[in-house]
2 protein chains.
Amino acid sequence: MKGQNQTLKIDGIDKEILRNLMEDARRPILEIARKVGISGAAIHQRLRKLEASGLIAGSKFIIDPKVLGYKTMAFVGVYLDKAVSNPKAVKQLRDIPEVIECHYTTGNWSIFIKILCRDNEHLMVVLNKNIQAIEGVSRTETFISLDQQIDRQIKI
Amino acid sequence: MKGQNQTLKIDGIDKEILRNLMEDARRPILEIARKVGISGAAIHQRLRKLEASGLIAGSKFIIDPKVLGYKTMAFVGVYLDKAVSNPKAVKQLRDIPEVIECHYTTGNWSIFIKILCRDNEHLMVVLNKNIQAIEGVSRTETFISLDQQIDRQIKI
DNA sequence: CATGAAAGCGACCGACT
DNA sequence: AGTCGGTCGCTTTCATG
């Protein structure tokens with residue numbers, strides 16, 4: 001994979017293409033072609049180049065967890081005992097489906113996670129039964145997202 | 001939009017379809033049809049139903065910010081003066097492209113944000129020049145993501 | 001809810017500029 | 001890098017079980 005260790009050069013047309021597909025991954029290439037004023041084949045070629053560069057990490061359908069009843073998002077700072085191997089804790093976090101992000105972070109917490117639960121009761125269960133059960137977890141600090149106002153990718 | 005105020009009922013085939021498209025939004029419907037063993041038209045119908053229910057919030061190309069040189073992700077807890085209208089602060093945060101998430105949260109912070117910067121120097125500029133410049137921001141607490149280990153959607 | 005058929009496009013590729 | 005043209009496959013709709 002090239003382009004990984006240097007800043008990739010992309011031009012305005014590449015940006016147009018990416019912006020379109022970041023908005024709607026299923027937007028037809030030919031539609032984008034008409035918008036930006038070059039042929040579909042050219043867009044196709046550029047997309048191959050962008051994929052090869054590693055810039056395009058894939059495409060996803062985004063589902064709204066609220067519709068499935070998952071209405072409580074929370075962030076949890078996790079304190080780990082010094083003795084414990086952090087990767088081992090992460091491995092166990094991976095097995096908790098409610099955990100949707102996990103970071104090693106600077107600061108007081110060893111690990112910082114984002115979790116998605118149905119409600120506060122469910123959140124409590126996940127914290128007390130699943131997270132606390134992980135070996136090495138000494139303490140957690142939790143705060144709930146009351147409302148997410150911004151959710152986007154980096155500006156192209 | 002229906003289904004927004006109750007838990008939506010989806011069956012195993014719906015889940016298969018969604019899991020496939022959550023992995024790769026451009027995966028052909030006919031390919032999924034062959035995998036799950038029903039016709040393309042049936043998948044198509046189910047997708048229309050799922051869209052109407054609001055479960056499918058869209059589709060996105062995912063780009064890797066690292067390839068563009070954005071290698072520092074950080075979380076920032078923001079303290080706001082009581083007097084300030086929070087939506088006004090959010091409005092200004094929206095104009096900072098480096099801010100990719102923003103939540104109202106419980107706990108000590110009024111607002112919690114995720115930001116994506118090229119490096120620590122860039123992060124410092126964003127914090128000191130952009131975030132601190134927002135009216136009502138009294139103090140911030142920042143911690144950096146050293147490595148993101150988990151990034152996924154809710155399990156279907 | 002499912003199916004198959006049919007129409008209309010779009011993706012993709014090779015040849016060429 | 002881009003265009004053009006052709007083929008193949010996909011999406012979408014509709015009438016039907």
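Atom-to-atom, CG of Leu30(A) to P of dG5(D) comes out at 14 Å; the value is rounded to the nearest Å. In this entry the distance linking NZ of Lys9(A) with P of dA1(D) reads 13 Å, nearest Å. Taking atom NZ of Lys49(B) as the reference point, atom C1' of dC1(C) lies 9 Å away to the nearest angstrom. Atom CG in Leu50(B) sits about 11 Å away from atom P in dC1(C), given to the nearest Å. Rounding to whole angstrom units, CD1 of residue Ile43(B) and P of dA2(C) are separated by 9 Å. As rounded to whole Å, 13 Å separates atom C1' of dA11(C) from atom CD of Glu51(A). With rounding to whole Å, Arg27(B) atom CZ is found 17 Å from dG9(D) atom C1'.
For the pair Arg48(A) and dC12(C), the criterion of a side-chain N or O lying under 4.0 Å from OP1 or OP2 is not met. Considering only side-chain N and O atoms, Arg34(A) lies nowhere under 4.0 angstrom from the phosphate OP1 or OP2 of dC9(C). Listed pair His44(A) / dA11(C) fails the phosphate criterion, with no side-chain N or O lying under 4.0 Å from OP1 or OP2. Arg26(B) has a side-chain polar atom (N or O) that falls below the 4.0 Å cut-off from OP1 or OP2 of dA11(C).
Checked for salt-bridge contact, Lys88(A) and Glu135(A) meet the test: a charged N lies under 4.0 Å from a carboxylate O. Residues Glu31(B) and Arg34(B) are not paired through a salt bridge, judged by the lack of any N-O separation under 4.0 Å between the basic side chain and the carboxylate.
Partner of Asn130(B) under the side-chain contact (heavy atoms from CB on, under 4.5 Å) criterion, out of Val99(B), Ile96(B), Ile115(B): Ile96(B) alone.
Comparing dA11(C), dC1(C), dG2(D) against the side chain of Gln45(B) picks out dC1(C) as the nearest. Distance from the side chain of Ile38(B) is smallest for dA2(C) among the nucleotides dG2(D), dA2(C), dA11(C). Among the nucleotides dG2(D), dA2(C), dG10(C), the one closest to the side chain of Arg46(A) is dG2(D). Of the candidates dC10(D), dG10(C), dT3(C), dC10(D) carries the atom nearest the Pro28(B) side chain, counting heavy atoms from C-beta on. Proximity note for Ile29(B) (side chain, C-beta onward) versus dT11(D), dT3(C), dG2(D): the nearest is dT11(D).
Ring geometry for Phe75(B) against Phe112(B) counts as parallel: the plane angle stays under 30°, on a 0 to 90° scale with 60° as the upper cut.
Contact annotation: the side chain of Ile131(B) never approaches that of Glu98(B) to less than 4.5 Å [non-hydrogen atoms, C-beta and beyond].
A search for ring pair (Phe, Tyr, Trp, His ring centres under 6.0 Å) contacts involving Tyr104(B) returns nothing, not counting sequence neighbours.
Summarising the hydrophobic clusters (Ile, Leu, Val, Met, Phe, Trp, Tyr; side-chain heavy atoms under 4.5 Å, direct or chained), the residues clustered with Val125(B) are none.
Across the interface with DNA chain C, nearest-nucleotide mapping of Ala41(A) and Ser39(B) shows Ser39(B) to be the residue nearer the 5′ end.
Applying a 4.0 Å cut-off to non-hydrogen atoms, none of the residues of residues 15-25 of chain A approaches DNA chain C.
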